[in-house]
Amino acid sequence: MVNSFDIRLPDDWHLHVRDGDTMKDVVGHTGSQFGRAIIMPNLKPPVTDAQGALQYKQRIQDALVGQPAFEPLMTLYLTDRTTPEMILEAHATGAAHAAKLYPAGATTNSDSGVTNIAAMDDVFAALADTGMLLLLHGEVTDSAIDIFDREAAFLETILPAIIRRHPTLRIVLEHITTEMAVDFVEAAAPNVGATITAHHLLANRNHMLAGGIRPHFYCLPILKRDSDRIALLRAATSRNPKFFLGTDSAPHAIEDKESACGCAGSYTAAQAMALYATAFEEAGALPSLEAFASLHGPEFYGLPVNTDRLVFERKAQIIPDRYTFGPSAVRPFFAGTSLQWTTHRA
Ligand code: NCD
Ligand code: ZN
């Protein structure tokens, strides 16, 4: 049995850190395990232009002074008012690596998202021209579609046309949750990849709903069947470069989760790499963790891999009940559970 190992320092290719005091309380958790992270722009109001992205990046960097080197990689939030010029400016100023498309109303803070994806062709063309990536929250928002089918419906009705019309655009289907999405991405051209969260590798919808309703398992896209979880685990451990790590760690104050109408989002940042190691070890695939966590993402984004290392030790840790989160607290995913791994930066 392996009791310790180290890998090239991973990156988190999908992360929510929020802003202000709450951001200061969570971003260090990510910096303790990752060299870089793609920062989601779904603030209130969202980060929609180069200037906003540069300012947000500065606030994150200010919060990390004195901590290990960590680079926030910024994204623009696409709205119905995004223009190709805004994409060109974000590229020219180095403000953003990618643009994030939330179908309006799909998830937390997506009200300003895109209402008509078919009208975004000029913006997508600008992304392709600049080499910026398109990051997709791949769910339809039609209230008539069952919540468990919204990712599948997006793959059936929306994504094929985007890929067909923009064959050189690099597209990341974020936080995939279904066997169907795994099959779709595997069959697509090499410019289509996907991120996979730790919670979707470790939990299915029974964790959320059987024997009581557990709001900290509620995230979007919603947890699916165990057969889907197993397909995601197969993809993550396959060493197929299309699949890479994105935690979608999404902190919310406890009172906003444990509520009659709780927010979507699971907080995994503090134990992210120990959670992924747990999933990979259960699949007998620890040796594949580095490719998924540290190599495939940089390759897909066209960035160098990190030179620092992350050390894993087989030393049990119990996930705390809560962390400070601005004036409130955030309850981590799997709070109270014992994990067999702890990590530290070398
Ligand atoms: C995210 C959040 O809280 O910002 N929530 C979530 O359930 N994943 C938004 C998102 O990525 O969908
Ligand atoms: Zn997210």
Side-chain angles (χ1 to χ4, degrees), residues 11-20 22-23 25-27 29-30 34 37-47 56 60 72-78 98-114 133-141 147-148 150-151 154 172-178 181 194-203 205 207-209 213-224 232 244-259 261-269 272 275 297 325-326 328 330-334:
D11 302 300
D12 184 349
W13 299 97
H14 182 123
L15 176 69
H16 303 266
V17 294
R18 314 306 186 201
D19 207 350
T22 53
M23 182 256 285
D25 288 326
V26 295
V27 69
H29 289 155
T30 294
F34 296 94
I38 281 281
I39 306 293
M40 287 296 127
N42 63 331
L43 303 181
K44 281 191 231 171
V47 179
Y56 186 27
I60 296 170
L73 305 173
M74 309 313 289
T75 59
L76 291 193
Y77 183 116
L78 297 179
K100 177 67 189 271
L101 188 146
Y102 293 98
T107 185
T108 305
N109 299 350
S110 63
D111 312 347
S112 319
V114 171
L133 287 79
L134 175 64
L135 314 182
L136 295 174
H137 185 106
E139 289 193 288
V140 298
T141 53
I147 186 169
F148 291 100
R150 288 182 186 181
E151 182 178 275
F154 186 90
V172 185
L173 194 55
E174 299 285 347
H175 41 50
I176 58 171
T177 63
T178 56
T195 55
I196 304 179
T197 78
H199 45 289
H200 288 97
L201 293 178
L202 289 165
R205 61 203 200 185
H207 290 88
M208 178 174 56
L209 295 171
I213 184 160
R214 295 187 183 75
H216 298 285
F217 287 84
Y218 175 60
C219 62
L220 290 171
I222 199 158
L223 293 170
K224 305 293 191 314
L232 296 170
F244 43 95
L245 184 157
T247 62
D248 193 19
S249 177
H252 291 275
I254 289 183
E255 62 273 18
D256 294 336
K257 293 282 296 174
E258 299 178 6
S259 154
C261 183
C263 295
S266 295
Y267 187 61
T268 53
L275 290 167
F325 188 56
S328 181
V330 55
R331 181 153 291 158
F333 179 78
F334 269 168

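Only this structure's heavy atoms are used, side chains among them; waters, hydrogens and symmetry mates stay out. First listed ligand is number 1; within each ligand, the first listed atom is number 1.
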If the threshold is 4.0 Å, N to carboxylate O, is there a salt bridge linking K100 and E174? no
Between F217 and F334, what is the ring plane arrangement, given parallel below 30°, perpendicular above 60°, and tilted in between? perpendicular
Do any nitrogen or oxygen atoms of ligand 1 lie under 3.5 Å from a protein nitrogen or oxygen, and which ones?
| residue | atom | partner | partner atom | Å |
| --- | --- | --- | --- | --- |
| ligand 1 | 3 (O) | R18 | NH2 | 2.8 |
| ligand 1 | 3 (O) | T108 | OG1 | 3.3 |
| ligand 1 | 3 (O) | H252 | NE2 | 2.9 |
| ligand 1 | 3 (O) | A264 | O | 3.1 |
| ligand 1 | 4 (O) | H16 | ND1 | 3.2 |
| ligand 1 | 4 (O) | R18 | NH1 | 2.9 |
| ligand 1 | 4 (O) | R18 | NH2 | 3.4 |
| ligand 1 | 4 (O) | N42 | ND2 | 2.8 |
| ligand 1 | 5 (N) | A264 | O | 3.2 |
| ligand 1 | 7 (O) | L220 | N | 2.7 |
| ligand 1 | 7 (O) | A264 | O | 3.4 |
| ligand 1 | 7 (O) | G265 | N | 3.1 |
| ligand 1 | 8 (N) | L220 | O | 3.0 |
| ligand 1 | 8 (N) | D248 | OD1 | 3.4 |
| ligand 1 | 8 (N) | D248 | OD2 | 2.7 |
| ligand 1 | 11 (O) | H16 | NE2 | 3.0 |
| ligand 1 | 11 (O) | D248 | OD1 | 3.2 |
| ligand 1 | 12 (O) | T107 | OG1 | 2.7 |
| ligand 1 | 12 (O) | H137 | ND1 | 3.4 |

Strictly distance-based, threshold 3.5 Å: is any side-chain N or O of T108 a donor or acceptor partner for the main-chain N or O of A264? yes
Pair T178, K224: side-chain N/O donor-acceptor within cut-off below 3.5 Å: no
Supply the atom-to-atom distance L134 CG to L78 CG, rounded to the nearest 0.5 angstrom. 6.5 Å
H29: side-chain contact (heavy atoms from CB on, under 4.5 Å) partners, not counting sequence neighbours: Y267, A269, A270, Y323
For the residue pair T107 / E139, report whether a side-chain donor-acceptor contact shorter than 3.5 Å exists. no
For W13 and F244, take the angle between the two ring planes, folded into 0 to 90°, and tell me which bin it lands in: parallel under 30, tilted 30 to 60, perpendicular over 60. perpendicular
Pull up every protein N/O/S atom sitting under 2.8 Å from the Zn ion (ligand 2), skipping waters. H14 NE2, H16 NE2, D248 OD1
Run the ring-ring contact (aromatic ring centres under 6.0 Å, His included) test against H216 and tell me which residues pass, sequence neighbours left out. none
